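Reviewing the structure listed below.
Residues take their numbers from the sequence shown, with the count starting at 1. Note that the structure is a prediction, hence the values are computed from the model and not measured.
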Amino acid sequence: MHKLISEFTRLYLFEEQQQYVDADGGKQPLTPAVLARHLSGEQTVAVQLVTEGGLTRALVLEFGGKGGGEAHWSALCTIANAVQHELDLPAPAVSISGTAFQLWLSLATPVPVAQARQFVQLLRSTFLPASTDILVTAPPADVEQVALPPCLQPSGKWAAFIHPSMGAAFVDEPGLDMPPPPAAQLGFLESLRSINPGQFAQALAKLQGHAGLADAVPAPVAAPLPTVVTQSPTQPGLLLQDASLEDIVRWLHARDIEPTFRHRLP
């Protein structure tokens, strides 16, 4: 569990000032002990992804609500592929929340929450049809507060990170009946990389250009932009919507993860 918590801190959390919302709506410190109970299903908490100073380094888009699960998954695929191929950003993580699909983007350097909201809003308006209302909540709620997977939801289903090729298996019910193996959850996260300041600035400027914000000033770059590491041509893309069970098992075995399928399919 310690390694999983370390990966959350590396990708999405802050070393200090991280908080969660308790049952009474109050904000409490998110200690390693609280997070461990959350991940084990003993106590599910909503983690504040924005500091009291108004900064965030985790962008979470949720796909659910109106329409069928296939439409939500297709919309997630559209955004995830655009993030990589149109904006040249690192691969995001994919999760199921028990009721919806989620896409997780990690920022190496925190940004003001207003800038994060604009980025999410522009992602929606640029790459999804304006007539398609597939996000279950408005961008501010997605950015500011979320239950970190894996966790036990009130419905009795487990939220969990998944390999992107497995999404189609959850279009009818985006949740697990049993807790996912911690080793598999760790495997899905440890190969991910955060978006560096230069990459974020370039992507935001490109989105602003698509939106016709010609006078917009790009986000300040805190460090020189290093070379973007792309996937090897021999590796499959992020979202293999037609991947077979054998493809998934091979991917897991390559990372020394023994697959455990605990979702009851009809």
Side-chain angles (χ1 to χ4, degrees), residues 7 11-12 58-87 89-106 120 123-124 127-129 132-137 142 146-151 153 155 157-193 231 235-255 257 259-266:
E7 285 301 306
L11 292 169
Y12 307 117
L59 308 182
V60 184
L61 286 75
E62 190 164 78
F63 301 79
K66 297 180 181 180
E70 291 185 5
H72 306 325
W73 176 243
S74 177
L76 182 147
C77 291
T78 298
I79 293 291
N81 285 322
V83 162
Q84 292 182 92
H85 303 305
E86 300 295 332
L87 300 179
L89 298 177
V94 178
S95 71
I96 48 177
S97 71
T99 58
F101 294 104
Q102 293 175 328
L103 196 66
W104 295 70
L105 283 75
S106 167
V120 172
L123 272 179
R124 295 173 63 184
F127 298 113
L128 291 177
T132 303
D133 182 14
I134 51 80
L135 291 183
V136 71
T137 55
D142 288 331
V146 69
L148 292 173
C151 65
Q153 299 287 20
S155 64
K157 297 292 182 181
W158 277 81
F161 286 102
I162 62 171
H163 186 267
S165 65
M166 300 171 66
F170 297 98
V171 294
D172 293 326
E173 190 175 39
L176 298 176
D177 296 312
M178 300 179 66
Q185 295 294 284
L186 180 63
F188 295 143
L189 296 179
E190 61 186 0
S191 63
L192 298 179
R193 296 294 175 263
Q231 289 181 316
Q235 291 180 329
L238 167 68
L239 297 167
L240 307 179
Q241 298 189 63
D242 300 319
S244 66
L245 180 61
E246 289 76 14
D247 293 330
I248 298 169
V249 171
R250 277 197 299 271
W251 187 92
L252 293 171
H253 280 167
R255 289 154 178 79
I257 301 171
T260 303
F261 297 94
R262 300 184 177 185
H263 179 73
R264 292 200 300 265
L265 298 177

Handout entry: Atom of Gly64, atom of Ala100 and distance for their closest heavy-atom approach
Key = CA-CB, 4.0 Å
Problem - Close side-chain approach of His163 to Phe188, heavy-atom, < 4.5 Å - result: yes
Handout entry: Atom pair CD (Glu173) and OG (Ser155), whose distance is rounded to the nearest 0.5 Å
Key = 8.0 Å
Exercise for the section: Any chance you could measure Lys157, atom NZ, to Thr99, atom OG1, to the nearest 0.5 Å? Expected result: 12.0 Å
Completion exercise
Shortest non-hydrogen pair, Val83 vs Pro92, comes out as CG1-CD, 4.5 Å
Practice task
Please report the shortest heavy-atom distance between Ala160 and Leu176, naming the atom on each side.
Solution key: CB-CD1, 3.7 Å
Handout entry: Non-hydrogen side-chain atoms of Phe101 and Ser95 separated by less than 4.5 Å
Key = no
Practice task
Apply side chain to side chain contact (heavy atoms under 4.5 Å, CB included) to Phe127 and Asn81, showing your working.
Solution key: CA-CA 10 Å; Phe127 298 113; Asn81 285 322; over 6 Å; no
Exercise for the section: Taking ring pair (Phe, Tyr, Trp, His ring centres under 6.0 Å) as the test, write out the residues that go with Trp104, two or more places apart. Expected result: Tyr12, Phe161
Fill in the blank from the handout: d(Leu11 CG, Leu105 CG) to nearest 0.5 Å is 11.0 Å
Exercise for the section: Report yes or no: do Ser97 and Gln102 form a side-chain donor-acceptor pair below 3.5 Å? Expected result: no
Exercise for the section: State the OG-CD distance between Ser106 and Glu7, to the nearest 0.5 angstrom. Expected result: 10.0 Å
Practice task
Supply the atom-to-atom distance Thr78 OG1 to Leu103 CG, rounded to the nearest 0.5 angstrom.
Solution key: 11.0 Å
Handout entry: By side-chain contact (heavy atoms from CB on, under 4.5 Å) - contacts of Ile162 (at least two apart)
Key = Val94, Ile96, Phe170
Exercise for the section: Working to the nearest 0.5 Å, report the span between CG of Leu59 and CG of Leu123. Expected result: 8.0 Å
